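Below is one structure; the comments refer to it alone.
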Amino acid sequence: MAKTKWGIMGTGWIAEKFAADFKQVNTAELAAVGSRTSENAQKFAAEHAIPRSYGSYQELVLDSDVDVIYVATPHPFHKENVLTSLRAGKAVLCEKPFTVHSSELEELIQYARENKLFLMEAMWTRFLPSIQKVRQWLSEGKIGEVQLLKADFGFRTDWDPANRLLNPNLGGGALLDAGIYPISFASMVLGTKPDKITSTAYIGSTGVDEQFSVLLSYPNGKTASLNGAVRLNLNNDAYIYGTEGSIYIPNFLMAKTASLFRDNQVVETYTDERSTDGYSFEAEEVSRCIQEGMMESSIMPLDESLGIMKIIDEIRTQWELRYPFE
């Protein structure tokens with residue numbers, strides 16, 4: 001079967017990580033890269049052995065040899081960049097968070113479905129082998145009925161008001177950059193329809209949330225306790241507690257290991273021996289779906305991404321946090 005040909009839109013940090021891991025993808029190849037300047041695109045292409053480079057996103061999406069676009073631009077531009085790609089007839093993998101708010105995502109999903117184009121959120125953690133093993137344990141009832149989940153992701157970025165992470169004009173803050181990981185993890189385990197959302201945040205001097213805590217309450221007493229930060233180092237681990245055992249995932253967003261416990265004793269440990277970050281797994285899934293004529297992935301379906309964005313919308317509403325561009 002012919003390899004799926006990819007174009008990368010954007011040349012920032014996450015695009016670098018994605019391209020570096022693409023060497024592990026057997027079903028696809030990098031064909032082109034687009035940036036806002038020819039210089040950046042040419043430099044990126046040279047570093048990653050990409051055949052073609054473009055000094056605009058429009059030129060990239062018009063490349064007839066590209067099957068799928070990976071959108072790796074800042075959050076506020078996701079809707080525009082994804083829509084540009086879809087209108088050019090391209091399949092799209094969009095970096096998380098999918099959009100800034102759910103109304104934008106609803107528009108993208110509607111367009112993709114009406115035009116029968118593949119679309120998926122690049123929640124790379126979801127596709128890692130260790131997380132797939134966790135999902136298997138849960139589906140097999142290895143820890144009984146899940147009742148409680150805890151997941152944190154936070155890091156201490158240097159103080160720089162112009163930094164994207166602290167810049168409200170670029171959708172900065174802990175919720176969209178760090179919080180998307182624990183919120184998506186909770187969605188994977190407990191779903192996107194909590195009965196109640198309780199949250200609190202510290203809004204810093206630049207006007208973005210520097211740290212937050214969220215409690216999601218589900219039917220039958222199930223809860224998810226989630227924390228995120230961009231000015232605090234957190235342990236970044238995840239715990240799932242069930243009626244007959246528990247699962248521990250150290251550094252869950254990179255998830256190289258996962259352990260299954262019963263009676264507080266380890267009964268099984270899964271270890272992924274990969275030497276890469278693991279962005280290749282989501283690319284493999286996209287290529288598989290496209291080659292099989294699928295419009296979305298069952299591992300990261302569009303309706304779930306929309307449900308996650310609606311949770312984020314509600315959290316921001318509670319904080320009365322709006323970005324200047326909204």
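Throughout, numbering of the chain's residues begins at 1 and tracks the sequence. All values derive from a computational prediction rather than experimental measurement.
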Any donor-acceptor pair under 3.5 Å from Asp237 side chain to Asn251 backbone: yes

- request: Check the surroundings of atom CZ in Arg36: do more than 12 heavy atoms from other residues, nucleotides or ligands lie under 6.0 Å from it?
  value: no

message: For residues Val134 and Val267: do they belong to one hydrophobic cluster (side chain heavy atoms under 4.5 Å, members Ile, Leu, Val, Met, Phe, Trp, Tyr)?
response: yes

message: Testing the basics here: between Gly307 and Thr192, what is the closest heavy-atom pair and its distance to 0.1 Å?
response: CA-CB, 3.8 Å

Validation row: Pro182, Phe252 side chains within 4.5 angstrom (heavy atoms): yes

message: Does Lys43, at its NZ atom, have more than 12 non-hydrogen atoms belonging to other residues, nucleotides or ligands within less than 6.0 Å?
response: no

Aromatic centroids of Phe185 and Tyr181 separated by under 6.0 Å: no

message: Check Arg316 with Glu326, please: is the shortest side-chain N to carboxylate O separation under 4.0 Å?
response: yes

- request: Determine, step by step, whether Phe98 and Leu306 satisfy the side-chain contact (heavy atoms from CB on, under 4.5 Å) criterion, reporting the C-alpha distance in whole Å, the side-chain angles of both residues, the deciding distance to 0.1 Å, and the verdict.
  value: CA-CA 9 Å; Phe98 222 140; Leu306 181 59; over 6 Å; no

Check: Thr269/Ser259 side-chain N/O donor and acceptor closer than 3.5 Å: yes

Side-chain heavy atoms of Pro161 within contact of Leu166, under 4.5 Å: no

- prompt: Looking at Thr27, Asp67, Val286, which one forms a side-chain contact (heavy atoms from CB on, under 4.5 Å) with Gln291?
  reply: Thr27

message: I'd like to know whether CG of Asp158 has more than 12 heavy-atom contacts from other residues, nucleotides or ligands below 6.0 angstrom.
response: no

- request: Output yes when a side-chain donor or acceptor of Asp209 lies under 3.5 Å from a complementary backbone atom of Ala174, and no otherwise.
  value: yes

query: Does the distance from a Lys or Arg side-chain N to an Asp or Glu carboxylate O, for Arg126 and Glu121, drop under 4.0 Å?
result: no

message: On a heavy-atom basis, which atom in Lys90 and which in Ser64 lie closest, and how many Å separate them?
response: NZ-CA, 4.1 Å

- prompt: Do you know the tightest heavy-atom contact between Leu190 and Ala224?
  reply: CD1-CB, 4.1 Å

- prompt: So Tyr248 and Tyr239, would you call those rings parallel, tilted or perpendicular, with 30° and 60° as cut-offs?
  reply: parallel

message: Tell me whether Ser139 contacts the main-chain N or O of Gln136 through its side chain, where contact means a donor paired with an acceptor under 3.5 Å.
response: yes

- request: Enter the distance from Ile249:CD1 to Lys133:NZ here, rounded to the nearest 0.5 Å.
  value: 13.0 Å

message: Could you walk me through whether Ile299 and Met120 satisfy the side-chain contact (heavy atoms from CB on, under 4.5 Å) test, starting with their C-alpha distance in whole Å, then the side-chain angles of each, then the deciding distance to 0.1 Å, before giving a yes or no?
response: CA-CA 10 Å; Ile299 300 174; Met120 190 182 89; over 6 Å; no

task: Give a yes or no on this: more than 12 heavy atoms of other residues, nucleotides or ligands lie within 6.0 Å of atom CG of Asp263.
output: no

query: Is a side-chain N or O of Arg164 found less than 3.5 angstrom from the main chain of Asn167, in a donor-acceptor match?
result: no

field: Flag if over 12 foreign heavy atoms under 6.0 Å of CD, Glu320
entry: no

- request: Check for a donor-acceptor pair, side chain of Ser187 on one end and backbone N or O of Ile183 on the other, with a separation under 3.5 Å.
  value: no

- request: Would you give the length of the straight line joining atom CG of Leu253 to atom CG of Asp152, rounded to the nearest 0.5 angstrom?
  value: 11.5 Å

- prompt: Would you say the side chains of Gln24 and Ser280 form a donor-acceptor pair under 3.5 Å?
  reply: no

field: Hphob cluster co-occupancy, Val214 + Tyr202, side-chain heavy atoms under 4.5 angstrom
entry: no

message: Taking Arg52 first and then Asp65, would you say they form a salt bridge - that is, a charged N and a carboxylate O separated by under 4.0 Å?
response: yes

message: Tell me if a side-chain donor or acceptor on Asp272 pairs with a main-chain N or O of Thr257 at a distance below 3.5 Å.
response: no

query: Can you tell me how far CG of Leu175 sits from CD of Glu210, rounded to the nearest 0.5 angstrom?
result: 14.0 Å

task: State plainly whether one hydrophobic cluster holds both Leu105 and Ile311, where clusters connect Ile, Leu, Val, Met, Phe, Trp and Tyr through side-chain heavy atoms under 4.5 angstrom apart.
output: yes

- prompt: Under a 4.5 Å cut-off applied to non-hydrogen side-chain atoms, are Phe281 and Asp21 in contact?
  reply: no

- request: Go through the steps for Ile247 and Tyr270 under the test side-chain contact (heavy atoms from CB on, under 4.5 Å), then give the verdict.
  value: CA-CA 11 Å; Ile247 297 171; Tyr270 178 87; over 6 Å; no

task: Can you see which heavy atom on Ala178 is nearest to which on Ala229, and at what distance?
output: CB-O, 3.8 Å

- prompt: Are Leu215 and Val189 in one and the same hydrophobic cluster, where Ile, Leu, Val, Met, Phe, Trp and Tyr link if side-chain heavy atoms are under 4.5 Å apart?
  reply: no

Check: Ser102/Asp313 side-chain N/O donor and acceptor closer than 3.5 Å: yes

message: Between Leu149 and Leu226, does the side-chain contact (heavy atoms from CB on, under 4.5 Å) criterion hold? Intermediate values first, please.
response: CA-CA 8 Å; Leu149 177 151; Leu226 317 171; 3.7 Å; yes

query: Where the side chain of Arg231 meets the backbone of Arg156, is there a donor-acceptor pair that is under 3.5 Å apart?
result: no

statement: Heavy-atom closest pair (Ser287 atom, Trp6 atom, distance to 0.1 Å) is OG-NE1, 3.3 Å

- prompt: Would you call Glu104 and His101 a side-chain contact if the rule is heavy atoms closer than 4.5 Å?
  reply: yes

message: Could you tell me if Asp63 and Tyr54 have a donor-acceptor pair between their side chains, going purely by distance under 3.5 Å?
response: yes

- prompt: Any donor-acceptor pair under 3.5 Å linking the side chain of Tyr323 with the backbone of Pro76?
  reply: no

field: Inter-residue atom distance Ser305.OG - Met123.CE, 0.5 Å rounding
entry: 8.0 Å

field: Heavy-atom pair with the smallest gap, counting every atom of Glu296 and Arg113
entry: OE2-NH2, 3.2 Å

Parallel, tilted or perpendicular: rings of Phe155 and Phe153 (30°, 60°): tilted

- request: Determine whether Ile14 and Phe44 fall in the same hydrophobic cluster, where Ile, Leu, Val, Met, Phe, Trp and Tyr are linked whenever their side-chain heavy atoms lie under 4.5 Å apart.
  value: yes

message: Any salt bridge linking Lys310 with Glu106? Criterion: basic side-chain nitrogen under 4.0 Å from a carboxylate oxygen.
response: yes

message: Over 60° means perpendicular and under 30° means parallel, so tell me whether Tyr279 and Trp124 are parallel, tilted or perpendicular.
response: parallel

message: Closer than 3.5 angstrom, by distance alone: can the side chain of His78 be matched with the main-chain N or O of Val71 as a donor-acceptor pair?
response: no

message: Is any side-chain heavy atom of Lys222 closer than 4.5 Å to one of Val146?
response: no

field: Modelled atom types, side-chain donor and acceptor of Gln318 and Ser199, under 3.5 Å
entry: yes

task: Would you check if Val66 and Lys5 make a side-chain contact, meaning some heavy-atom pair closer than 4.5 Å?
output: no

task: Determine yes or no for a side-chain-to-main-chain donor-acceptor pair under 3.5 angstrom, with Ser217 supplying the side chain and Asp195 the backbone.
output: no

- prompt: What distance do Leu30 atom CG and Lys3 atom NZ have between them, rounded to the nearest 0.5 Å?
  reply: 10.5 Å

query: Is any side-chain heavy atom of Leu86 closer than 4.5 Å to a side-chain heavy atom of Asn115?
result: no

message: Within the 4.5 Å heavy-atom criterion, are Glu268 and Trp137 side-chain neighbours or not?
response: yes

task: Mind checking the CD1-CD1 spacing from Ile8 to Ile50? Nearest 0.5 Å is all I need.
output: 4.5 Å

